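Structure, as structure tokens:
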Amino acid sequence: MPTATAIINLDIEGPRISRHLYGHFAEHLGRCVYGGFWVGEDSPIPNEGGIRRDVVEALRALDIPNLRWPGGCFADEYHWKDGIGPRERRPRMVNTHWGDVEENNHFGTHEFMALCELLGAEPYISGNVGSGTVREMSEWVEYLTRAGDSPMVRLRRANGREEPWRVRFWGIGNETWGCGGNMRAEYFADLARQYATYCRDHGDNTLYRIASGASDDDYKWTETLMRQINCFGCEAAPRTYYQALSVHYYTLAGPWDAKGSATVFGTEDYYRTMVSARRVDRILTGHSTVMDCYDPKRTVGLVLDEWGTWWNVEPGTNPGFLFQQNTLRDALVAGVHFDVFHRHAARLVMANIAQTVNVLQAMVLTDGDALVLTPTYHVFEMNKGHQDATSLPVHLRADDARRTVGDAELETVSVSASVKDGTLLVSLSNLDAEEPAEVSLDLRGGRVGEARARILTADRLQAHNTPETPRAVAPRTFDGLSMTDRGPVLTLPPHSFVTVQAPVALAS
């Protein structure tokens, strides 16, 4: 049985883990919005102003911090004024990116803001740079956030909202290297400065502008954007055109044109998936390193606002709707990502899984009036204590907890830790598909009280939840833990995710 030791210094604080690393993403894509979040006020499914109550309740249990909308690729063909005013008068459009279906615009700005209020989440709006105008985006900011009197304020009041909303997070374009306009980095860098200039702060609503960043390991794109706001090695503070850059990275088991099934896969496919998931660490390190050259004090944030697994759609569903099942494999991908996010918390300020409902690596799946919590949902719930906690450095010794996968080596134990309000939370994954792993937590610089543990696993990697078997993969109390003078020792079953919580007191 492979063994590992995780040395955790309880009295050495790392950077704060922003709650926004547990963010979400809702695009007008398939059944994410329509049939997912939105059913309409006349639906027999219980709703609040057309918004599904069961979806809201499930997400509120995760302490969801933010929600990105309306895309994705859809954002760059979305014109926000088509989505305000009486619904029966709103013009229709064709969603050319996702299924070539007609969009009735019944879910627009006011509905999205109502959803965020029900969720207790901050809105993150992705603006239209690809087919929109500077004026259009500037007026959207004014419509949402300005008080007093102005043309957009009067329009908002005419549509039933007197007071402005608070909307900090604004995306300047989406995937401008691809579906957002097929632009060169140099061209978009100038546009980003221009759009950011006219997206103004109104009153005390201070914008956090996020420039559309790179795909995967395109470090040149990041460097081009960073050069717009500072010089190489400068100690001066970066210019404040935008406050963050985004990056997108998806986990696949193979090439883009052969992504494989969400539920029918073998052990080799699983291990390739885990190698791909682990690669996010190198991706974030590369972009952070480039940004450090232009912003050594780390005042500019990195935002991974699209991440997750991407498989072939479920048989018999619209290929443009990106509906896939969600297995234990997906949950372990999420666990690995969060461990990486916690290590990068000094630069990484936000992450948004793609997507929240019925699309790609979703939290919840809806089928008529039924709602299913996915295995990935449970990882978010088990990990929510990390939100706004202080990260703790973890030094992992796990020389024999490794697998050779093709020409890569996969570390099969992953660990991260944090402390908040006197409580230690440690997250652990055993990625080995067949072997258990013994992990010793060597806790230094403090004392811990009675530890409690939970586990998420199943008998098969392919296990998933359905309306008929909603708890095939669900957390339960974990008793494979014993205490020593140095800390807990855990025997992690194969393909399992475990969290350990314990009260902690620092050494005097």
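All heavy atoms count here, side chains included; hydrogens, waters and symmetry mates do not. Because the structure is a prediction, the values reported are computed rather than measured.
Between H24 and F380, a ring centre-to-centre spacing shorter than 6.0 Å is recorded. In this structure, W80 has its ring center no closer than 6.0 Å to that of F112. Aromatic pair H110/Y143: centroids less than 6.0 angstrom apart. Aromatic pair H337/W307: centroids less than 6.0 angstrom apart. Ring centroid separation for the pair Y22 and F338 comes in under the 6.0 Å cut-off. H20 and F169 have their aromatic ring centers within a separation under 6.0 angstrom.
Contact check on R343 versus D281 returns a salt bridge, with a Lys/Arg side-chain nitrogen under 4.0 Å from an Asp/Glu carboxylate oxygen. One finds no salt bridge joining R53 and E57 here, because no Lys/Arg side-chain nitrogen approaches an Asp/Glu carboxylate oxygen to under 4.0 Å. Under the 4.0 Å criterion applied to side-chain N and carboxylate O atoms, D201 and R209 are assigned as salt-bridge partners. Comment: R90 engages E111 in a salt bridge, judged by a side-chain N to carboxylate O separation of less than 4.0 angstrom.
Side-chain contact annotation: W140 with N128, donor-acceptor N/O pair under 3.5 Å absent. Under the 3.5 Å distance criterion, with hydrogens and angles disregarded, no donor-acceptor pair is assigned to the side chains of N230 and D295. D305 and H248 share a donor-acceptor pair across their side chains, judged by distance under 3.5 Å alone. For E103 and Y34, the side-chain atoms include at least one donor-acceptor pair closer than 3.5 Å.
Considering every non-hydrogen atom in both N465 and V473, the closest pair reads OD1-N, 2.7 Å. Contact between Y241 and A196 at its shortest, heavy atoms only, is O-CB, 2.7 Å.
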**Message:** Quick one, W69 with F37, criterion ring pair (Phe, Tyr, Trp, His ring centres under 6.0 Å). Give me CA distance, side-chain angles, the key distance, then yes/no.
**Reply:** CA-CA 12 Å; W69 173 84; F37 281 113; over 10 Å; no
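Just one of T309, T376, T374 meets the side-chain hydrogen bond (donor to acceptor under 3.5 Å, both in side chains) condition when paired with D330; it is T309. Tested against H342, the residues S418, S427, S416, S391 include a single side-chain hydrogen bond (donor to acceptor under 3.5 Å, both in side chains) partner, S416.
Taking the ring centre of Y124 as origin, the terminal cationic atom of R68 falls inside the region bounded by 6.0 Å and 45° from the ring axis.
R16 CZ: more than 12 foreign heavy atoms inside a 6.0 Å radius. Other residues, nucleotides and ligands contribute more than 12 heavy atoms inside 6.0 Å of the CD atom of E117.
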